[in-house]
Structure formats: C-alpha cells, structure tokens
Amino acid sequence: MESLSDEELIARYRLAPGAERSRAYLETLFRRHQTRVAAWCYRFTGDRTLAADLAQDIFVKAYASLTSFRSDSKFTTWLYVIARNRWRDELRSRQSRPREAPEEAMEFAEPASDNAALAALNARDARVVVHQLMEQSLDELEKQVMTLHYGHEMRLDAITAQLGLTNASGAKAYIVSARRKLNAAIKRWNLKS
C-alpha cells in the first residue's frame with residue numbers, strides 16, 4: 001500500500017468504504033501525512049498541545065469530507081486547505097473568547113508600588129486604545145495579519161502561507177498598510193485627547 005499515491009488510496013477506499021480493507025487505505029493515507037499536518041499546526045500555533053488537538057480535528061474533518069475530494073487537485077493541497085480553514089476558525093474563536101490570566105499572574109507576593117500600579121494601568125489603557133483604533137481603522141485581513149505577527153509573533157512568510165495571500169509581497173504589504181493607517185488614527189486620536 002505504501003507504493004500507492006494518495007489519490008490511488010482514496011480511489012480504492014471509495015470502491016468499498018465500509019470494508020475492513022478500505023479502512024487500511026485510510027490509515028495508510030492519514031499516517032503518511034500525520035507528521036506534516038502536526039508540523040503545520042505547530043507552525044500556526046507555536047503550542048504543541050494545541051497543535052496536536054488541531055491536527056486531530058483536521059483529520060476528523062478530512063475523513064468526514066473525503067467524499068468531497070476531487071482528484072483534480074493533490075490530496076495534500078486539499079488537506080492543507082482544511083488545515084488553514086480550521087486554523088482560521090480557531091483564530092476567530094480565540095478572538096471572541098475573553099482572555100484568562102494564568103494563575104501565577106493572579107498570585108501577589110507583595111503589594112505593587114504606586115508607580116508600578118500606575119504603569120500597569122497606563123499599559124492596559126494603551127492596549128485598549130490600540131485595539132479600538134485597529135477596529136476602527138483596519139480591514140479584517142489587516143487586523144488578522146497584525147494579530148498574527150505582533151500578538152502571536154508569527155513570521156511574515158508563515159502568515160502569507162497560512163492566509164493564502166497571493167500578492168507579491170505577502171503579509172508584509174498588509175503590515176505596511178496597517179501601520180500607515182494606525183499612525184494616522186493615532187495622530188487623529190492625539191488631537192482629540
């Protein structure tokens with residue numbers, strides 16, 4: 001079975017999807033791509049546990065959608081699209097969830113000084129203002145690129161691949177545009193304050 005291409009494994013599976021032999025075709029197919037999918041997920045997340053969960057979700061989705069696979073594209077391309085879409089879903093759900101502080105951050109060994117407390121409040125206020133300005137000034141793709149690059153410290157080439165950007169300079173063009181828009185928004189905000 002190892003000598004069969006991905007597309008041949010799928011074609012043989014489709015001949016008798018309920019048969020025990022067909023299950024072996026799928027196991028071979030998914031085993032073949034398990035490491036690659038896990039690596040994609042790790043590159044997207046930077047977190048091994050989340051990457052393993054995402055990889056599992058991707059294979060479940062691929063299995064459930066196998067009937068929609070058309071042999072006019074490579075299986076790996078189709079699988080990568082599922083991975084990219086699943087990661088986008090994950091990003092959207094992360095952005096809509098309130099962030100929780102880790103328990104260590106909640107434990108206070110000694111009271112903070114007035115200056116440290118004031119600095120923390122100022123930093124929090126600045127984050128709120130930047131978030132508001134991003135919401136007002138940037139389009140969805142620019143917000144996504146900025147969040148991935150600055151919030152999740154993802155490299156620009158990885159963002160370009162992750163989001164399937166086809167423009168010549170990839171994610172960098174969106175960073176430049178977003179910075180320009182944010183600088184203008186900050187100037188307007190400073191005039192109002």
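For the numbers below, each heavy atom of this structure counts, side chains included, while hydrogens, waters and symmetry mates do not.
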Does the side chain of [X] reach to within under 4.5 Å of the side chain of [Y], using non-hydrogen atoms?
X: Leu54; Y: Val37; result: no
X: Arg180; Y: Asn183; result: no
X: Leu15; Y: Ser22; result: no
X: Lys181; Y: Asp139; result: yes
X: Ser137; Y: Lys143; result: no
X: Tyr150; Y: Ile175; result: yes
X: Arg43; Y: Trp87; result: no
X: Phe30; Y: Gln34; result: no

### Task
Would you sort out whether Asp89 and Arg86 count as a salt bridge (Lys or Arg N to Asp or Glu O under 4.0 Å), showing the intermediate values?
CA-CA 5 Å; Asp89 293 345; Arg86 179 61 188 90; 5.1 Å; no

Cluster overlap [X] with [Y], hydrophobic side-chain contacts below 4.5 Å:
X: Leu29; Y: Tyr63; value: yes
X: Val176; Y: Leu138; value: no
X: Tyr80; Y: Phe69; value: yes

## Note on the structure
In short, side-chain hydrogen bond (donor to acceptor under 3.5 Å, both in side chains) pairs touching residues 159-173 with sequence neighbours left out are none

### Query
So which of Trp78, Phe59, Phe75, Trp40 actually passes ring-ring contact (aromatic ring centres under 6.0 Å, His included) with His33?
Phe75

### Task
Apply the test salt bridge (Lys or Arg N to Asp or Glu O under 4.0 Å) to residues Asp6 and Arg32: give CA-CA distance (whole Å), side-chain angles for both, the deciding distance (0.1 Å), then the verdict.
CA-CA 9 Å; Asp6 295 339; Arg32 186 179 286 175; 2.7 Å; yes

### Summary
Ile159 and Met154 have their tightest heavy-atom pair at CD1-O, 3.6 Å

### Query
Counting heavy atoms not belonging to Glu153, are there more than 12 under 6.0 Å from its CD?
no

### Task
Please say whether more than 12 non-hydrogen atoms of neighbouring residues, nucleotides or ligands are located less than 6.0 Å from CZ in Arg14.
yes

### Message
Closer than 3.5 angstrom, by distance alone: can the side chain of Ser5 be matched with the main-chain N or O of Glu8 as a donor-acceptor pair?
### Response
yes

#### Entry: Side-chain (Arg31) to main-chain (Leu26) donor-acceptor, under 3.5 angstrom
no

### Task
Under the ring pair (Phe, Tyr, Trp, His ring centres under 6.0 Å) rule, collect the residues that match up with His149, sequence neighbours excluded.
none

